[in-house]
There are 2 protein chains.
Amino acid sequence: MTRREEIIKVAKTLFREQGYKSVSMRDLAKAMDLKAASLYNHISSKEEILAEIVLGVAYFFTKEMELVKSLKADSKTLLEAVINHHIELTLNNPEAIAIVNNDWIHLESSHFEEFLELRNAYEQDLRDMISRGIEAGEIMPNNTEVMLFSMLSTLRTLHSWYRRRSGIDGEALKNDITEILLNGIVAKPLKKIYQP
Amino acid sequence: MTRREEIIKVAKTLFREQGYKSVSMRDLAKAMDLKAASLYNHISSKEEILAEIVLGVAYFFTKEMELVKSLKADSKTLLEAVINHHIELTLNNPEAIAIVNNDWIHLESSHFEEFLELRNAYEQDLRDMISRGIEAGEIMPNNTEVMLFSMLSTLRTLHSWYRRRSGIDGEALKNDITEILLNGIVAKPLKKIYQP
DNA sequence: CCTACCGATCGGTAGG
DNA sequence: CCTACCGATCGGTAGG
């Protein structure tokens, strides 16, 4: 790991704990046992660190979305694949996900716009998946936007919830979340058609 | 509206747009057309504004949860009532909800702890509701924690999504969200039992 | 509600 | 990687 990579790793932890704006370059330097000025031999600004973290995650998601889109499968299977990728990245890199969610707003304008484009494209791909699922009769013909938003809300904030629990089995978590997102929580009375 | 209430109202807008840490007392003063020092005739610190916003929302939710708990109804009806209250507050006060979600972390320690106690109690009440629903056979016997978290994630981030859409009908939104949270998104093959 | 000002801290640079 | 330092800005106070 290069010195630069170490800085970004430590920044991930601090930004996640306190938020980007609350962490000073002196805080970051102290956590690495050096002086603030020395950080600038490896990075050129504080915002550069934020951009690398946030855009790194955004491009990773984009790449995985391309992968899912290339699959030949029904909509439900594609949605499951998106959910799985989301959960995996959350388990592997919860700090980065938290920072994306909380601090993308503090990106400087060109990075800010770059991020928004990636995020919008990702959301559009997911929206298309849901729409096609409705056309195929696999997905309930409910409000597409609400379905999209509900799924993404759960997946995007998983990091904050996962953190409080002790080591949960990743596979079990995938199953539970997929089940709840796709099938809801209410018990279905299977024999309803026999009742008056 | 007192001058103090005006300050808090303007602060809500600014904090929501830029985040608590990014808004200086000078920014807030400028938005009110006065000097930073003058703010201190009405409030005693910047954190006091944050605390009032965040704890105000937290106590409001607590009060509504007490109301729901006092109802004599099945679990599904109680969950629907919680969802409705959440959506109503989001439509009425989206700025405050956004600030609670993003900036509660910047509360000073006594306010911080006060907030966490309220939030934990709220989550516990909702958890109990789900558990009782499972015992009664109304709710699927899935992972309670995941159900709880999934519901809350969607409800808590609704403000950010609602904002981007033009004026959506509140009642329609309640129906759509309730439907999707409780019943999921996958189409159910109703005649399954006739198939081989 | 203002002017004037405080000490602390910020991101970042110069120069070695 | 450090010392020394920059101008800007921060939350907040004194005194009117």
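Chain letters run A, B, ... following the sequence lines, proteins first and then strands; every chain starts at 1. Worth knowing before you read on, the calculation uses all heavy atoms, side chains too, and leaves out hydrogens, waters and symmetry mates.
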Take the protein atom CG of Asp27(B) and the nucleotide atom P of dG12(D), then report the distance between them rounded to whole Å. 14 Å

Atom CG of Leu39(A) to atom P of dC1(D): distance rounded to whole Å? 9 Å

From OH of Tyr40(B) over to P of dT3(C), roughly how many Å is that when rounded to an integer? 17 Å

Could you tell me how far apart Lys21(B) (NZ) and dG11(C) (P) are, to the nearest whole angstrom? 11 Å

Identify, between Ser24(A) and Asn41(A), the residue whose nearest nucleotide on DNA chain C lies closer to the 5' end. Ser24(A)

Round to the nearest Å and state the distance from His106(A) atom NE2 to dG11(C) atom P. 13 Å

Let me know which of Met147(A), Met140(A), Lys76(A) forms a side-chain contact (heavy atoms from CB on, under 4.5 Å) with Ile185(B). Met147(A)

Phe61(B) ring center near His86(B) ring center (under 6.0 Å): yes

How many whole angstroms separate atom CG of Leu50(B) from atom C1' of dG11(D)? 14 Å

In this structure, how many angstroms lie between the P atom of dG11(C) and the CG atom of Leu28(A), rounded? 10 Å

Between dC2(C), dG11(C), dA4(D), spot the one nearest the side chain of Lys46(A), thanks. dG11(C)

Closest to the 5' end of DNA chain D, once His42(A) and Arg26(A) are matched to their nearest nucleotides, is His42(A)

So, do Arg16(B) and His159(B) sit near enough that their side-chain heavy atoms are less than 4.5 Å apart? yes

In whole Å, what is the span from the NZ atom of Lys35(A) to the C1' atom of dT9(C)? 15 Å

Salt bridge Glu138(A)-Arg132(A), side-chain N to carboxylate O under 4.0 Å: no

Assign the ring pair Phe15(B) / Tyr20(B) to parallel, tilted or perpendicular, where the plane angle (0 to 90°) is split at 30° and 60°. perpendicular

Using Watson-Crick and G-U wobble pairs with both distances under 3.5 Å, what is the 5'-to-3' dot-bracket string of DNA chain C, with [ ] for crossing pairs and | for pairs outside the strand? ||||||||||||||||

Closest nucleotide among dG11(C), dT13(D), dG12(D) to the Met25(A) side chain: dG11(C)

Leu39(A) to Leu34(A) - nearest heavy-atom pair and separation: CD2-CD1, 3.9 Å

Do the side-chain N and O atoms of Ser153(A) and Thr154(B) include a donor-acceptor pair separated by under 3.5 angstrom? no

